[in-house]
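Heads up: the structure comes next, in structure tokens.
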Amino acid sequence: MGSTSVMPTILPGPPGRADTDAPTGRDRWRPSATLDDMLRTAPPGSPYHRLGRTDRHRWWQPIVGTLALVAAALVVVCLIFGVAAAVAELTDRPYDADGLPTFGPIPDAALPIAWLALLLPLVFGTAWLVQRRPAGTLSSVLGRLRWGWLGRCLLIATPLIIVMLVGAGLLLDLTGESAMPAPDTWVGVPEFAAGLLMVLLLVPFQAAAEEYALRGWLLQAVGAYLRSPWPAIAVQAVLFAAAHGWGTPWGFLDLAFMGALMGWLAIRTGGLEAAIALHVVNNLFAFTLAAAFGELTADETMADAPWQLVLVDVLALSAYALVVDRLAARRGVATVVPPALVVAVPGEPSAPTGAEPRLPGVGVESRG
């Protein structure tokens, strides 16, 4: 006997909150892949930190995923530095005080930056393999990186970071501390150009990888268990500060504040774009200055920051968060999973006009 297969119809849902970066055109009307993706995403109304709570969520997935991510990161770092050690032996390179091979300031700085950048595919793969959800749900509530919104956040972050650096330098001068490296430490045009090229090629991926690991995976891993976003924000903020080492109490507090602020922004704006923009711009300026004055391999980080730098940094970060939050509200940037698509299953009545859409087998979570 012949059989007739009826494909599900994808219908537009009722109007929701306006979003200038909502999927349009081909993104909205993908055939079978769209149905498959929707069945694995969080229900409409879910905030960013709850995107790991899909219809296939199991209690063990965030824990196993976190352990797998840490193990994969350790394997990658061992491979990178193992290859570096082998090359050092073959080329008779010297070793530093920590027992690591040295190839010069720029390659030595590039190795740990490259390792952090490689967290990006590891985080994406963990979300896909362990939680069986689209990797794009780590980016935003729309299941993708909103490039237009990211560009606007970059335009806001750049002048604020410049003001922060200038303000910190002035405050350090006023309090009798050195603000800038001595002019005679300038490395020269050829070395600076090589260092700048390395910074531009690797640092944006390194900064983004940290955001996807902490404000992305970790925030959503904790959020899979708790509806309140504050425990997830606190956990990733403390780990973010601890990952930079212990320098001064001021520096640790500054990093924890920065981590908490970026976690809050991720939830308020429904994605990582604002946090990525701030982190990328901050690191680009920091590494560019280090490349100019031969400090790429220096051990100091923001964990060693004095109180003057922390004071100005907190003010600049707060201003950034305020401006971004206001702009996101004005532009109608989506902060929860929108009811953009509804799956009409053959044989079942369609939802009446104005009714809250539901995915097959998935309830709708309130925004709170």
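Computed from heavy atoms alone, side chains included, the values below leave out hydrogens, waters and symmetry copies.
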**Report entry** Any side-chain heavy-atom pair of His57 and Pro62 under 4.5 Å
**Finding:** yes
Report task. Output yes when a side-chain donor or acceptor of Tyr48 lies under 3.5 Å from a complementary backbone atom of Thr137, and no otherwise. Result -> no
Query raised in the report: What pairs with Leu315 under side chain to side chain contact (heavy atoms under 4.5 Å, CB included), at least two apart in sequence or on another chain?
Result: none
Query raised in the report: Are any non-hydrogen side-chain atoms of Arg146 and Leu150 less than 4.5 angstrom apart?
Result: no
Query raised in the report: What distance separates Trp307 CH2 from Leu311 CG, expressed to the nearest 0.5 Å?
Result: 6.5 Å
**Report entry** Contacts of Tyr212 that satisfy ring-ring contact (aromatic ring centres under 6.0 Å, His included) - sequence neighbours left out
**Finding:** Phe124
Requested in this report: Report the residues that fulfil ring-ring contact (aromatic ring centres under 6.0 Å, His included) with Phe192, sequence neighbours left out, ordered by chain and then residue number.
Outcome: Trp186
Query raised in the report: Who passes ring-ring contact (aromatic ring centres under 6.0 Å, His included) against Phe252, sequence neighbours left out?
Result: Trp246
**Report entry** More than 12 heavy atoms from other groups under 6.0 Å of CZ on Phe81
**Finding:** yes
Query raised in the report: Should side-chain heavy atoms under 4.5 Å link Ile, Leu, Val, Met, Phe, Trp and Tyr, which residues sit in the same cluster as Leu155?
Result: none
Query - Any side-chain heavy-atom pair of Leu284 and Leu200 under 4.5 Å - result: yes
Query raised in the report: So which of Leu160, Ile161, Ile162, Ile276 actually passes side-chain contact (heavy atoms from CB on, under 4.5 Å) with Val281?
Result: Ile161
**Report entry** Leu118 and Ile80: CA distance, side-chain angles, deciding distance, side chain to side chain contact (heavy atoms under 4.5 Å, CB included) verdict
**Finding:** CA-CA 10 Å; Leu118 287 174; Ile80 289 178; 3.6 Å; yes
**Report entry** Shortest non-hydrogen separation from Leu116 to Glu210 and the atoms involved
**Finding:** CD1-OE2, 3.8 Å
**Report entry** Min side-chain heavy-atom separation Leu272-Met262 under 4.5 Å
**Finding:** no
Query raised in the report: Once you round to the nearest 0.5 Å, how far does CD1 of Ile113 lie from CG of Leu296?
Result: 7.0 Å
Query raised in the report: Quick one: side-chain hydrogen bond (donor to acceptor under 3.5 Å, both in side chains) pairs with a partner in residues 63-76, sequence neighbours left out?
Result: Thr66-Trp217
Requested in this report: Indicate yes or no for a side-chain donor-acceptor contact from Gln61 to the backbone of Arg58 under 3.5 Å, with no hydrogens or angles considered.
Outcome: yes
Query raised in the report: How long is the gap from CG on Leu278 to CD1 on Ile156, to the nearest 0.5 Å?
Result: 10.5 Å
Query raised in the report: Tell me, which pairs form a side-chain hydrogen bond (donor to acceptor under 3.5 Å, both in side chains) where one or both residues lie in residues 84-95, sequence neighbours left out?
Result: Glu89-Tyr95
Query - With sequence neighbours excluded, residues passing ring-ring contact (aromatic ring centres under 6.0 Å, His included) with His244 - result: Phe240
**Report entry** Any side-chain heavy-atom pair of Phe287 and Leu202 under 4.5 Å
**Finding:** no
Query raised in the report: Is there a donor-acceptor pair closer than 3.5 Å between any side-chain N or O of Arg133 and the backbone N or O of Thr41?
Result: no
Requested in this report: Given side chain to side chain contact (heavy atoms under 4.5 Å, CB included), test Asp325 with Trp264 step by step and report yes or no.
Outcome: CA-CA 10 Å; Asp325 184 50; Trp264 178 80; 4.0 Å; yes
Donor-acceptor contacts, no H, no angles, side chain residues 231-238, under 3.5 Å, sequence neighbours left out:
residue : atom : partner : partner atom : Å
Gln236  : OE1  : Arg215  : NH1          : 2.8
Gln236  : NE2  : Ile233  : O            : 3.0
Gln236  : NE2  : Gly259  : O            : 2.9

Query raised in the report: Can you name the residues that form a side chain to side chain contact (heavy atoms under 4.5 Å, CB included) with Val310, not counting sequence neighbours?
Result: Trp250, Asp254, Ala305, Val314
Query - Test item: Gln131 side-chain N/O and Gly65 main-chain N/O as donor-acceptor pair under 3.5 Å - result: no
Query - Non-hydrogen side-chain atoms of Val87 and Pro101 separated by less than 4.5 Å - result: no
Query raised in the report: Does the side chain of Leu51 come within less than 4.5 Å of Val337's, by heavy atoms?
Result: yes
Requested in this report: With sequence neighbours left out, write down each residue that passes side chain to side chain contact (heavy atoms under 4.5 Å, CB included) with Leu129, or none if nothing qualifies.
Outcome: none
Query - Non-hydrogen atoms of Ala274 and Val324 that approach each other most closely - result: CB-CG1, 3.8 Å
Query - NE2 on His49 to CG on Leu219, rounded to 0.5 Å - result: 7.5 Å
Query raised in the report: Side chains of Trp149 and Leu327: closer than 4.5 Å at any heavy-atom pair?
Result: yes
Requested in this report: Starting at CG of Leu197, measure out to CG of Leu201 and round the result to the nearest 0.5 Å.
Outcome: 4.5 Å
Requested in this report: Kindly give the cluster partners of Val163, where membership spreads through any ILVMFWY side chain lying under 4.5 Å from a current member.
Outcome: none
